[in-house]
Each structure stands twice: as structure tokens, then as C-alpha cells.
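For reference, the structure is listed below as C-alpha cells.
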Protein chains: 2
Amino acid sequence: MISNKSEIFPAEQQQAAVYAKALSHPARIAILRYLAETKVCITGDITEAIPLGRTTVLQHLQVLKDSELIRGDIDGKKVCYCINTDQYDEMKQLFDDLLKNINPINNCC
Amino acid sequence: MISNKSEIFPAEQQQAAVYAKALSHPARIAILRYLAETKVCITGDITEAIPLGRTTVLQHLQVLKDSELIRGDIDGKKVCYCINTDQYDEMKQLFDDLLKNINPINNCC
DNA sequence: TCTATATGTCGTAAACATACGACACGAAAT
DNA sequence: ATTTCGTGTCGTATGTTTACGACATATAGA
């Protein structure tokens, strides 16, 4: 590709885009909701809660981990996934600012 | 692909994902901000404001149009892009609800 | 009429996302 | 010791996104 001109945009917009991408698949939204609901930190039980194959769920978890919205800590033989509250709060703040800054007026044509 | 199991998720999560996808590239965030700032409805001047090729910008505009966050009305020889305020408000509401519903507690492991 | 401007469509190349099966590996139960 | 469970990694097929050049068209002005 000649692709990936993302770096030419302001850091704040890049970061917002990263979070938006993390939320851009219903499975990942479902996973976040699941993690928030079951307050215990869960392992591959997620696979049973989300109607997708184990590998696919793992992949979505990886995407969420890359965006740092979740953490995955090894707890003995199980792995313990949970929402990264710091990062999550940062996302909320960023989105809030973004949506506040975009104040459209419907003056089209 | 065996892909596109998106339909198996709740409609609300699917719609949130659609909006998130629309915001998932810095160029599209930049376009939205530009449209909101320059309160006039703009045409291909966007190409000059966004450091990308004309075709690429058009493509991003198409993605935004698909998510219905913007409209593109033909106004004589020019095309007039602007934010679809109704849809935009719906997005804000959806995100607000979503982020409210995900209330993580940092009790990891 | 010819030209420039504004716009759109098509094609294409490379990268990334989605979905999953198959295999690997270590710890706990039998 | 062998099996099972929880986990992860690899490979792979297909679809989507990103980026852009080349071509097409229609309108306004010289």
C-alpha cells in the first residue's frame, strides 16, 4: 500500500480513532459489556457468553488489548481479562471532548 | 469468508459499532470537525483542508455518508456536504448510553 | 467553441479485519 | 502416566479498507 497516512493527523484525533476502532465491531462492544457486568475477572467463559468461535473471541480480545481498553493478566493457569479503567476513562473523556467540539448546525445548502 | 456474524448481536450494539467505525479513522474525524467548524456547507474544498488525495477524501466522505452521519446534497454544480444533525444526535445518545452502561470496576484478579 | 473547474466513477494494489480449524503446551484431575 | 482443560499460536480463506491514478462528465466562463 501507499497506505497509512494516519500519522499526519493530530495525536488526539489519532487516539480517538484508535478507541473508535476498538468499538467498531458489535462483538467487542458485547465483550466490554460482559466484562463490565460480570464484575469478576473472567477467562474463556467469555467464549460461552459471546456466540463466536473461541479463536475469534480471542482475536477480538487481542484487538481490545491493543487499544489498551482491557488488560489480560495471567492468574495461575487461567487468564484474567478486565477493563482497564484508566484507559476507559481517558476514552470517555476524549469522546466527550470530541462530540462537544463537533457542534453541527443544520444549515445545509 | 465465513465472516459477518455481526447480525447476531443486538441492534443497539450493531448501530453503535456502525458509528464507531465511521469515527475509526483520523481523516474522518478531521472531516467531521472541518464540517462543523466551517459552518457553511462545503464541497471539494475539503480536499484542500485534509492532507489526502481527492479520491481518498471522497471515499472517506462516502463512508461517513453510509453511516448517515453526513449528507451530500447536490447544489447546482457543487456538492454540499454537511453533518446530519439528527443522526449525529442519535450517535451521541447511543455512545452516552453505551459508556454509561459499561461501568467497570477495577477488581482485576 | 474550447477550457477550466467541480465532481464523480472505475480500477487496482497493498494492508488489515473477520472467522475459524488445527496444533501445541502446561497444569490439574484421574 | 494419561487425559482433560484452559489457553495460546499459526495458518488460511475471504472480505473490507485505505490510498490513489486515470478516465468521464457536466456546467460556467473566456
Side-chain angles (χ1 to χ4, degrees), chain A residues 1-9 13-14 17-31 40-67 69-82 109, chain B residues 1-9 13-14 17-31 35 38 40-67 69-82 109:
Chain A
M1 256 217 276
I2 320 110
S3 289
N4 246 353
K5 297 218 157 177
S6 294
E7 327 81 39
I8 62 185
F9 294 96
Q13 287 176 22
Q14 280 183 55
V18 164
Y19 289 134
K21 195 169 221 165
L23 299 181
S24 73
H25 195 285
R28 291 196 286 270
I29 295 180
I31 289 171
V40 200
C41 282
I42 305 295
T43 69
D45 308 329
I46 300 174
T47 308
E48 277 157 47
I50 308 282
L52 288 172
R54 199 178 57 89
T55 320
T56 307
V57 171
L58 242 169
Q59 213 169 241
H60 283 303
L61 283 168
Q62 200 52 54
V63 174
L64 286 168
K65 243 167 112 179
D66 288 347
S67 79
L69 279 174
I70 68 168
R71 302 193 290 131
D73 302 326
I74 295 156
D75 174 28
K77 76 168 178 177
K78 305 204 171 196
V79 175
C80 198
Y81 289 102
C82 66
C109 311
Chain B
M1 257 220 274
I2 321 110
S3 289
N4 246 353
K5 297 220 157 177
S6 293
E7 326 84 39
I8 62 185
F9 294 97
Q13 286 176 23
Q14 279 183 55
V18 165
Y19 289 134
K21 195 170 222 163
L23 298 181
S24 73
H25 195 286
R28 291 197 284 272
I29 295 179
I31 289 171
L35 284 177
T38 70
V40 200
C41 284
I42 306 293
T43 69
D45 308 329
I46 300 174
T47 308
E48 277 157 48
I50 307 284
L52 287 171
R54 199 179 56 89
T55 321
T56 308
V57 171
L58 242 169
Q59 212 169 241
H60 283 303
L61 283 168
Q62 200 52 55
V63 174
L64 286 169
K65 243 166 110 180
D66 288 347
S67 79
L69 280 174
I70 68 168
R71 303 193 292 131
D73 303 327
I74 294 155
D75 175 29
K77 77 167 179 178
K78 304 205 172 196
V79 175
C80 197
Y81 290 102
C82 66
C109 310

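As the structure is a prediction and not an experimental result, all values here were calculated from the model. All heavy atoms count here, side chains included; hydrogens, waters and symmetry mates do not. Residue numbers start from 1 in every chain, and the chains themselves are labelled A, B, ... in the order their sequence lines are given, proteins ahead of strands.
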Check: For A:R28 and C:dA17, what is the distance between atoms CZ and P respectively, to the nearest whole Å?
Finding: 8 Å

Check: Under 4.0 Å between a side-chain N/O of B:T56 and OP1 or OP2 of D:dT18, yes or no?
Finding: no

Next item on the list: Could you say whether B:K65 or B:K21 is positioned toward the 5' end of DNA chain C, judged by the nucleotide with the nearest heavy atom to each?
Entry: B:K65

Check: Whole-Å distance between D:dA19 P and B:L52 CG?
Finding: 6 Å

Notebook entry, point to check: Any idea which heavy atoms bring B:A30 and A:Q13 closest together, and the distance?
Noted result: CB-OE1, 3.4 Å

Check: Going by heavy atoms in the side chains, are A:D73 and A:V79 under 4.5 Å from each other?
Finding: no

Check: Where the side chain of A:Q14 meets the backbone of A:F9, is there a donor-acceptor pair that is under 3.5 Å apart?
Finding: yes

Check: In whole angstrom, what separates B:L61's CG from C:dT9's C1'?
Finding: 15 Å

Margin query: Check whether A:R28 reaches the backbone of A:K21 with its side chain - one donor and one acceptor, N or O, closer than 3.5 Å.
Written below: yes

Margin query: Expressed as a whole number of angstroms, how long is the span from B:K5:NZ to D:dA13:P?
Written below: 19 Å

Item checked: Polar pair under 3.5 Å, donor/acceptor by atom type, side chain A:Q59, base C:dA17 -> no

Margin query: Once you measure the plane-to-plane angle for B:H60 and B:H25, does it fall in the parallel (<30°), tilted (30-60°) or perpendicular (>60°) bin?
Written below: tilted

Next item on the list: Check whether any side-chain nitrogen or oxygen of A:Y81 sits under 4.0 Å from OP1 or OP2 of D:dT7, and answer yes or no.
Entry: no

Check: Atom CG of B:D66 to atom P of D:dT18: distance rounded to whole Å?
Finding: 12 Å

Note to self: How would you summarise protein contacts on nucleotides 22-27 of chain C per nucleotide, using B for base, S for sugar-phosphate only and - for none, with heavy-atom distances below 4.0 Å?
What the structure shows: ------

Checklist line | All side chain to side chain contact (heavy atoms under 4.5 Å, CB included) counterparts of A:D66, not counting sequence neighbours | finding: A:Q62

Next item on the list: Let me know the distance between CD of B:E7 and P of C:dA19, rounded to the nearest Å.
Entry: 9 Å

N/O donor-acceptor pairs under 3.5 Å from side chains in residues 48-55 of chain B, not counting sequence neighbours:
none

Margin query: OP1 or OP2 of C:dA17 versus the side-chain N and O atoms of A:H60: is any pair under 4.0 Å?
Written below: no

Next item on the list: Could you tell me the separation between the CD1 atom of A:I50 and the P atom of C:dT18, rounded to a whole number of Å?
Entry: 14 Å

Next item on the list: Could you tell me the separation between the CD atom of A:Q62 and the P atom of C:dC16, rounded to a whole number of Å?
Entry: 15 Å

